[in-house]
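Comments concern the structure below.
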Amino acid sequence: MADDLILSDKFAPAALPDVCAPRLRVVDAIERAVRTRRFVYLGAPAGSGKTVSALLWLKQAKRPCVWIGLDRYDDVPSVFYKQLALGLYSVQPGNDGLRAVIEEPGFSLSPVEHLVRLLAEMTPLECRYVLVLDDVHLVENREIRKSLPAVLKRLPRAFSVLLLSRGVLPAEWAALGADGGPALLDAADLRFTADEIRGYFQALGRDLAPDEAGALFEATEG
């Protein structure tokens, strides 16, 4: 039951584009959020740059990551929590206690309880990790939304959690964490400045005049 046999493509984040603006301002914003809060919620419309920004931050932070790309078929407690269990097991693939919980026939009947048991079986981690749940807006199941905060709070403190979503923070997650709720980043935080637009076009081999970059910023709202 090695990692390469249990993990599907859903656990592989998209590759960064060949030409990518460095987005240092956004990367710094994520870094500050992670330093002050254990949970970070990036909520912005499609195309805002959530995934790319998270990947750029992970590249700079050099922290190992459990990345789970969600889809509408994951909006069932048994499926959602099995995905989360497999992702966590990939961190400690030699942990027989984790494997035993995952392989129990009753996992699908009580997935939340099994996930809590699995977390109790984790041994101390030697470095800091990041758990990324991408497209978390697709999680609409009430049982998942209500139970997820209690589950995530049981993650080892070595984990920071990034929740990437096209929607606003669900009310059930407003108190996530013991420090006043998750840090919130939205479309305004992810917008390009006029200087960043110029830098991006320069990377593409085209120079923009300051007024052109300003006009593009106004037209696209960053």
Inset, instruction - Give the cluster check for Val168 versus Val136: same hydrophobic cluster or not, with ILVMFWY residues linked at side-chain heavy-atom distances below 4.5 Å. - result: no
Legend entry - With Glu31 via salt bridge (charged side-chain N to carboxylate O under 4.0 Å, His left out) - residues at least two apart: Arg35
Inset, instruction - Give a yes or no answer on whether the side chain of Arg63 reaches the backbone of Tyr129 with a donor-acceptor pair at less than 3.5 Å. - result: yes
Legend entry - Distance (rounded to the nearest 0.5 Å) between Leu163 CG and Phe39 CZ: 8.0 Å
Inset, instruction - Could you check if a side-chain atom of Leu185 sits within less than 4.5 angstrom of a side-chain atom of Tyr41, using non-hydrogen atoms only? - result: no
Inset, instruction - Could you tell me whether the side chain of Asn95 and the main chain of Glu121 form a donor-acceptor pair under 3.5 Å? - result: yes
Legend entry - Gln92 side chain to Leu98 backbone, donor-acceptor under 3.5 Å: no
Inset, instruction - Kindly write out the residues that satisfy salt bridge (charged side-chain N to carboxylate O under 4.0 Å, His left out) with Arg32, not counting sequence neighbours, or none if the list is empty. - result: none
Legend entry - Ser48 OG to Leu164 CG distance, which is reported to the nearest 0.5 Å: 11.5 Å
Inset, instruction - List the steps and the verdict of side chain to side chain contact (heavy atoms under 4.5 Å, CB included) for Val151 and Leu84. - result: CA-CA 10 Å; Val151 170; Leu84 182 53; 4.2 Å; yes
Legend entry - Any side-chain heavy-atom pair of Leu169 and Pro182 under 4.5 Å: yes
Inset, instruction - Sequence neighbours left out, what passes salt bridge (charged side-chain N to carboxylate O under 4.0 Å, His left out) with Glu140? Give chain and number order. - result: none
Legend entry - Donor-acceptor contact below 3.5 Å, side chain Lys50 vs main chain Pro45: yes
Inset, instruction - To the nearest 0.5 angstrom, please state how far the OG atom of Ser8 sits from the CD1 atom of Ile68. - result: 9.5 Å
Inset, instruction - Report yes if some heavy atom in the side chain of Trp173 is under 4.5 Å from a heavy atom in the side chain of Leu152; otherwise report no. - result: no
Inset, instruction - Run the numbers on Phe80 and Leu148 for side chain to side chain contact (heavy atoms under 4.5 Å, CB included), then give the verdict. - result: CA-CA 10 Å; Phe80 178 87; Leu148 187 59; 3.8 Å; yes
Legend entry - Main-chain N/O of Leu190 paired with Arg23 side-chain donor or acceptor, under 3.5 Å: yes
Legend entry - Student check: side-chain heavy atoms of Val26 and Asp189 closer than 4.5 Å: no
Legend entry - Minimum heavy-atom distance Pro13-Leu55, with the two atoms named: CB-CD2, 3.7 Å
Legend entry - Donor-acceptor under 3.5 Å (Arg154 side chain, Ala150 main chain): yes
Legend entry - Closest contact, heavy atoms only, Ser53 versus Gly49: OG-O, 2.7 Å
Legend entry - Closest approach of Ala175 to Lys153 (non-hydrogen atoms, all atoms of both residues): O-NZ, 3.8 Å
Legend entry - Connected hydrophobic set around Val76, excluding itself, where side chains approach under 4.5 Å: Val79
Legend entry - Ser147 side chain reached by Pro77 side chain, heavy atoms, under 4.5 Å: no
Inset, instruction - Verify, without hydrogens or angle tests, whether Asp28 (side chain) and Arg25 (backbone) share a donor-acceptor contact under 3.5 angstrom. - result: no
Inset, instruction - Measure the OH-CD distance between Tyr81 and Glu143 for me, rounded to the nearest 0.5 Å. - result: 7.5 Å
Legend entry - Positive for side-chain contact (heavy atoms from CB on, under 4.5 Å) with Leu162, one of Leu131, Leu133, Val34: Val34
Inset, instruction - Give a yes or no on whether the backbone of Leu138 and the side-chain of Arg72 come within a donor-acceptor separation of less than 3.5 Å. - result: no
Legend entry - Phe11 and Leu86, any side-chain heavy atoms less than 4.5 Å apart: yes
Legend entry - Derivation and outcome, side chain to side chain contact (heavy atoms under 4.5 Å, CB included), residues Ser160 and Val40: CA-CA 8 Å; Ser160 295; Val40 180; over 6 Å; no
Inset, instruction - Indicate yes or no: at least one non-hydrogen side-chain atom of Ile102 is less than 4.5 angstrom from one of Lys82. - result: yes
Inset, instruction - Could you tell me whether the side chain of His137 and the main chain of Arg166 form a donor-acceptor pair under 3.5 Å? - result: yes
Extract all donor-acceptor atom pairs below 3.5 Å that involve side chains of residues 105-116 and protein atoms in other chains or at least two apart in sequence.
{"from": "Ser110", "atom 1": "OG", "to": "His114", "atom 2": "ND1", "distance (Å)": "3.0"}
{"from": "His114", "atom 1": "ND1", "to": "Ser110", "atom 2": "O", "distance (Å)": "2.9"}
{"from": "His114", "atom 1": "NE2", "to": "Glu104", "atom 2": "OE1", "distance (Å)": "2.8"}

Legend entry - Interatomic spacing from CG in Leu88 to CZ in Phe159 - rounded to 0.5 Å: 5.5 Å
Inset, instruction - Please answer whether the main-chain N or O of Gly181 pairs with a side-chain N or O of Arg37 as donor and acceptor at a distance below 3.5 Å. - result: yes
Legend entry - Leu24 with Leu42, same ILVMFWY side-chain cluster at under 4.5 Å: no
Inset, instruction - Kindly write out the residues that satisfy salt bridge (charged side-chain N to carboxylate O under 4.0 Å, His left out) with Lys10, not counting sequence neighbours, or none if the list is empty. - result: Asp71, Asp74
